[in-house]
Structure formats: structure tokens, C-alpha cells
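What you see is a predicted model, and the numbers here were worked out from it, not measured in a lab. Side chains included, hydrogens not; waters and symmetry mates left out as well; all remaining heavy atoms used.
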Amino acid sequence: MTDSEWIVGEDESGARLDKFLAAPGRLGSRARAFAALERGKVFRNGAEAAVPDAATRIAPGDIVRVWMDRPGSAKARRSGQTQIGDLEILFEDDALLVVNKPAGLLSVPLERKSDAPSVYEQIEDHFRPHGKRRPFVVHRIDQDTSGLVVFAKDARAQSRLKAQFKRREPARIYLAVVYGHPSPSEGRWRDHLVWDEKALIQKETHPRDPEGQEAISEYRVLESFRDTSLIEVRLHSGRRNQIRIQARLRGHTLVGERRYTYGPDALRTIQFERHALHAYRLAFDHPTDSRALEFEAPPPRDFAALLERLRGR
């Protein structure tokens with residue numbers, strides 16, 4: 001069997017999905033049904049069904065499909081809170097893995113910070129027992145930014161994922177705590193930035209600067225505190241340090257920021273050990289079969305504690 005599809009009849013209404021799949025003439029056993037769910041081969045009404053969906057009750061007219069030779073489904077998929085080193089793996093299959101990076105860990109090794117640990121190196125250690133040599137970088141986030149990062153497992157998946165990022169298709173949504181209260185409460189930031197190789201910072205430049213690159217973000221205020229705001233920022237472009245510099249250009253330095261600051265230090269009275277920025281949602285199309293993938297990582301403990309402190313001020 002390579003690809004089978006069934007329409008649920010009235011006589012099977014209310015049955016569990018795994019029991020429906022295990023019936024004679026379909027997969028024939030609960031073990032085969034579980035394996036198909038575990039490997040991402042099962043779809044209900046066009047949406048992928050996984051192991052947590054085994055107990056879902058089906059309804060008349062539901063369309064259940066099993067795609068046995070689906071690319072990338074030969075092995076069980078990882079999901080949930082698998083831990084390697086400092087990393088939480090949210091998703092892993094034959095083409096890619098998505099990790100929740102803690103603050104303080106580099107995305108990839110840097111020559112100027114040769115002693116600093118990186119996500120890349122920890123994934124290499126994770127791959128080694130399975131015969132894989134290295135991950136393939138798709139994008140990165142700053143060392144002191146926490147949150148979601150995707151890596152590819154081969155050059156083809158990397159190329160397809162990077163093409164999506166180049167076309168600005170993935171949803172990349174961040175949470176940030178900034179000084180002040182952005183006005184209006186939602187809008188778009190559009191700037192032209194140039195990277196200073198000596199100072200290692202982004203700087204604002206003129207639109208006609210041949211070295212400049214356009215930077216576009218959309219923001220909205222989620223919560224206002226006495227002196228600060230929690231904002232959500234959706235990246236449309238992906239420049240280094242983009243949110244940090246764009247917020248600073250408007251007088252809304254991130255809490256904890258030490259590089260892109262605005263005004264005297266006396267204006268920044270809230271203690272936080274890093275810039276308050278978290279990559280909390282990431283969505284893109286799978287590079288092999290184009291299905292939509294979406295991931296969320298709740299704010300880490302330090303970020304959540306900062307919010308509670310601000311709510312109590």
C-alpha cells in the first residue's frame with residue numbers, strides 16, 4: 001500500500017482514529033496504526049494527525065488518508081521536549097530540526113568568540129551517534145536572544161528553506177520589552193541599515209547608500225506597564241540585530257540592551273541580564289513536501305519573571 005484514503009461512514013461515527021486505522025482492510029493492527037501516526041503518514045481532512053491525535057473521535061464524512069511512502073517518514077519523528085545539552089528540540093525529521101535556543105548560546109560558532117558554546121556544536125554532538133556529520137545553517141538569532149531556530153539536515157533542504165527566507169515567506173514573530181510606549185500602538189518600521197564591520201553594529205543609513213539594506217518590521221503593543229511595554233514584532237526582512245536597532249531608532253531601547261541604547265543610562269533603570277527579546281513563533285513550509293509547519297516557544301523563565309516584575313511596579 002502506498003497511498004490509501006477512506007471516507008468515514010455513519011456506522012463508524014465516534015470511533016477512535018487509531019481503531020479506525022487498525023481495522024482489517026486498512027492497516028490491520030493498532031501497532032501499524034501507531035507507527036503510521038508516529039511517522040507523520042496519517043491525514044484527517046487534509047491535516048496531519050500525530051500520536052496525540054490517536055484518540056480523536058472521527059465523524060461521518062471525515063476523510064482519512066494514509067500516505068505510506070511520504071518523503072521523510074521512514075523514521076519516527078521527534079516532537080515535544082527532547083533535550084540535547086542546553087537545547088530543547090521541538091521537531092525533528094529526516095530533513096530538518098527546530099530548536100528552542102536559550103539566551104547566552106550562539107546560534108553558530110564565531111571566530112571572535114571561539115570559546116563560546118553554540119547551537120551548531122550541540123546539534124553536531126547530537127548527530128554524531130547517528131552517522132550524520134553536521135547541521136546546515138538556515139538562519140540565526142543573536143546570542144542573547146532566546147527562542148526558535150531551524151536547521152536543515154542536508155544541502156537540499158537548506159537550499160529550499162533559505163529560499164523561503166529570501167522570499168520573506170516564513171512567519172518570524174518575536175516578543176520584546178522596550179522602554180516607553182510606542183505610538184501608535186501598532187504599525188510598521190521601515191529603515192535602511194548598514195553593518196559597521198569595525199564596530200560590529202548596525203547603523204542607520206540613507207536609502208541611496210549602495211551598502212545599505214532595507215529593514216522592515218511590523219509591531220503591536222501587547223501590554224503597557226508604567227515605564228515600559230511588551231510588544232510583538234513580526235520580521236519581514238532579517239537583518240542582523242534588526243529589532244534592537246529599529247526599536248532604538250524610535251527611542252524605545254530594549255530593556256537590558258547594552259549596545260543599541262538611547263539617551264543617558266539614568267533613563268534605563270530596570271535591571272535585566274540580557275536584551276529582552278524572544279523568538280517565540282516560527283512558521284514555514286516543509287522543504288520536502290511543502291506542508292505548513294508552525295512552532296511556538298513560550299517565554300523562558302527570566303523573560304516571564306521580568307514581565308511579572310513589571311506588572312507589579
Side-chain angles (χ1 to χ4, degrees), residues 1-82 88-100 138 147-154 156-157 160-161 163-165 167-173 232 234 279-298:
M1 179 175 68
T2 58
D3 192 352
S4 297
E5 187 174 284
W6 304 278
I7 300 176
V8 177
E10 291 286 346
D11 58 329
E12 292 175 298
S13 176
R16 287 170 52 113
L17 177 61
D18 58 350
K19 187 176 179 181
F20 176 85
L21 290 167
R26 296 187 185 117
L27 299 185
S29 73
R30 285 282 184 94
R32 291 193 188 99
F34 181 86
L37 288 163
E38 189 179 34
R39 288 163 171 76
K41 299 174 184 287
V42 179
F43 294 79
R44 176 171 171 257
N45 297 328
E48 182 179 340
V51 171
D53 303 305
T56 298
R57 301 291 175 175
I58 55 178
D62 281 356
I63 299 173
V64 179
R65 178 191 179 200
V66 176
W67 185 4
M68 292 305 292
D69 60 355
R70 179 184 184 181
S73 66
K75 298 178 182 177
R77 293 153 186 256
R78 295 180 182 270
S79 61
Q81 280 64 52
T82 303
E88 182 181 54
I89 300 180
L90 300 187
F91 179 88
E92 181 179 4
D93 68 5
D94 292 341
L96 61 92
L97 74 167
V98 176
V99 302
N100 184 12
V138 176
L148 296 168
V149 187
V150 58
F151 285 83
K153 287 190 171 183
D154 57 53
R156 186 177 184 183
R160 290 180 174 181
L161 287 167
Q164 289 184 49
F165 278 78
R167 295 191 299 266
R168 302 182 178 181
E169 293 171 351
R172 289 173 288 171
I173 301 174
E232 177 187 272
R234 178 186 290 265
Y280 92 101
R281 185 181 298 161
L282 178 64
F284 54 89
D285 291 339
H286 193 282
T288 303
D289 56 26
S290 299
R291 75 187 186 279
L293 298 176
E294 183 171 351
F295 305 94
E296 285 192 10

[X] and [Y]: which non-hydrogen atoms are nearest, and at how many Å?
X	Y	answer
L161	F284	CD2-CD1, 3.7 Å
A152	V138	N-CG2, 3.8 Å
H286	D93	NE2-OD2, 2.6 Å
A33	A22	CB-N, 4.3 Å
A49	L17	CB-CD2, 3.8 Å
P170	Q164	CD-O, 3.1 Å

Under the rule for salt bridge (Lys or Arg N to Asp or Glu O under 4.0 Å), what residues qualify as partners of [X], not counting sequence neighbours?
X	result
R65	D3
R281	E294, E296
R57	none

Interatomic distance, [X] atom [atom1] to [Y] atom [atom2] [nearest 0.5 angstrom]:
X	Y	atom1	atom2	value
K19	R26	NZ	CZ	11.5 Å
R168	R172	CZ	CZ	8.5 Å
D62	F20	CG	CZ	8.5 Å
T288	L96	OG1	CG	7.5 Å
L148	E88	CG	CD	9.0 Å
M68	K41	CE	NZ	5.0 Å

Lys/Arg N to Asp/Glu carboxylate O, R291 vs D285, below 4.0 Å: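 Answer for the salt bridge query: no.
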Parallel, tilted or perpendicular: ring planes of F43 versus W67, cut at 30 and 60 degrees: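 Tilted, since the angle between the ring planes falls between 30° and 60°.
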Test side chain to side chain contact (heavy atoms under 4.5 Å, CB included) applied to V66 and L27, step by step: CA-CA 9 Å; V66 176; L27 299 185; 4.3 Å; yes
N45: which of V8, I58, I63 passes side-chain contact (heavy atoms from CB on, under 4.5 Å):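 Only one option passes, and that is I63.
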Stepwise side chain to side chain contact (heavy atoms under 4.5 Å, CB included) test for V150 and L97: CA-CA 6 Å; V150 58; L97 74 167; over 6 Å; no
More than 12 heavy atoms from other groups under 6.0 Å of CZ on R156: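 12 or below, so no.
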CZ (R234) with more than 12 external heavy atoms under 6.0 Å: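 12 or below, so no.
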Note, V98 side chain near I89 side chain (heavy atom, < 4.5 Å):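 No; the side chains remain at least 4.5 Å from each other.
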